[in-house]
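Computed from a predicted structure; not experimentally measured. Side chains included, hydrogens not; waters and symmetry mates left out as well; all remaining heavy atoms used.
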Amino acid sequence: MSTQLVVLFEHASGYGLFRVKDAEDVSKFVPHVQSIQTDPIKFQSIVELIAFSPFKSGTNALDNINSISEGIVHEDLHLFLETNVPKSSKKAKVVLGVADSRIGASIQEVLGYSCQHTEVVPEVIRGIRY
């Protein structure tokens, strides 16, 4: 069974969801990911945006980001993930990469997604941020 890694990126403007191409190979080559994360062209060869949901207002953004920092799944995040995270199948298990273990635990509890915040995930998030 293969694993598909999708990474949640929280930004002041909204939520982004990125698919890591060939996640199993990428996770073995963390130094390679580190070396290309500052080169947008090369980084784009392993990571692609699959969904983005902008916040409705500054107040809505603050409410969402505060929930994230407290490890709480906000309604907007819940809807975004339910709508955009691919479903696991017999052939491919989907793992959601998150920046923080607390929000990962909450997402896993509320939505049942397998979450990861270690290995290649921090490097992918760093590359997305860059």
Side-chain angles (χ1 to χ4, degrees):
M1 178 188 298
S2 66
T3 301
Q4 181 181 355
L5 177 64
V6 291
V7 176
L8 172 66
F9 183 69
E10 310 99 24
H11 187 267
S13 61
Y15 294 118
L17 197 63
F18 294 81
R19 183 174 70 87
V20 179
K21 301 172 188 174
D22 300 322
E24 291 171 347
D25 292 336
V26 169
S27 65
K28 295 176 187 171
F29 301 107
V30 172
H32 173 67
V33 176
Q34 290 171 334
S35 71
I36 67 168
Q37 65 188 210
T38 58
D39 183 337
I41 304 294
K42 289 180 182 175
F43 190 73
Q44 201 171 20
S45 71
I46 63 163
V47 177
E48 71 177 330
L49 177 68
I50 56 174
F52 180 76
S53 177
F55 295 130
K56 299 169 191 82
S57 66
T59 306
N60 179 247
L62 183 61
D63 190 32
N64 272 274
I65 296 303
N66 282 339
S67 292
I68 289 282
S69 69
E70 294 169 11
I72 298 169
V73 180
H74 191 278
E75 296 172 19
D76 295 344
L77 177 59
H78 188 279
L79 180 63
F80 176 70
L81 293 174
E82 261 190 345
T83 305
N84 297 295
V85 173
K87 305 297 181 227
S88 289
S89 67
K90 291 180 181 178
K91 292 182 180 179
K93 176 184 174 192
V94 175
V95 174
L96 180 64
V98 294
D100 182 70
S101 62
R102 290 185 309 160
I103 194 64
S106 293
I107 290 170
Q108 196 160 354
E109 183 180 316
V110 173
L111 293 164
Y113 296 129
S114 177
C115 293
Q116 175 181 331
H117 68 278
T118 57
E119 296 177 18
V120 75
V121 173
E123 301 307 325
V124 170
I125 291 173
R126 192 173 292 117
I128 293 168
R129 191 176 305 122
Y130 183 81

If hydrophobic clusters are built from ILVMFWY residues whose side chains come within less than 4.5 Å, do [X] and [Y] share one?
| X | Y | result |
| --- | --- | --- |
| Val7 | Leu81 | no |
| Ile50 | Val95 | no |
| Val94 | Leu79 | no |
| Val20 | Leu17 | no |

Between [X] and [Y], what is the shortest heavy-atom contact and its length?
| X | Y | result |
| --- | --- | --- |
| His11 | Ile65 | O-CD1, 4.0 Å |
| Ser13 | Phe52 | OG-CZ, 3.6 Å |
| Phe55 | Ala12 | CD1-O, 3.4 Å |
| Ser45 | Lys21 | O-CD, 3.4 Å |
| Gln108 | Cys115 | OE1-N, 3.9 Å |

For residues [X] and [Y], determine if any side-chain heavy atom of one lies less than 4.5 Å from a side-chain heavy atom of the other.
| X | Y | result |
| --- | --- | --- |
| Pro86 | Val6 | yes |
| Leu8 | Val85 | no |
| Ile68 | His74 | no |
| Leu96 | Ile107 | yes |
| Glu75 | Phe80 | no |

Practice item. Would you please test Leu5 and Val121 for side chain to side chain contact (heavy atoms under 4.5 Å, CB included) and show each step? Key: CA-CA 9 Å; Leu5 177 64; Val121 173; 4.2 Å; yes
If you round to the nearest 0.5 Å, how far is [atom2] of [Y] from [atom1] of [X]?
| X | Y | atom1 | atom2 | value |
| --- | --- | --- | --- | --- |
| Lys56 | Asn64 | NZ | CG | 7.5 Å |
| Lys93 | Tyr113 | NZ | OH | 14.5 Å |
| Ile103 | Ser67 | CD1 | OG | 8.0 Å |
| Leu49 | Arg19 | CG | CZ | 11.5 Å |
| Gln44 | Ile36 | CD | CD1 | 11.0 Å |
| Glu70 | Asp100 | CD | CG | 11.5 Å |

Check your understanding: In terms of ring plane angle, is the pair Phe9 and Phe18 parallel, tilted or perpendicular, where the classes change at 30° and 60°?
Key ->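 Because their plane-to-plane angle is over 60°, the rings of Phe9 and Phe18 count as perpendicular.
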Point to revise | Donor-acceptor under 3.5 Å (Ser106 side chain, Arg102 main chain) | key: yes
**Study point:** No-hydrogen, no-angle side-chain donor-acceptor test under 3.5 Å, Tyr15 and Asn84
**Key:** no
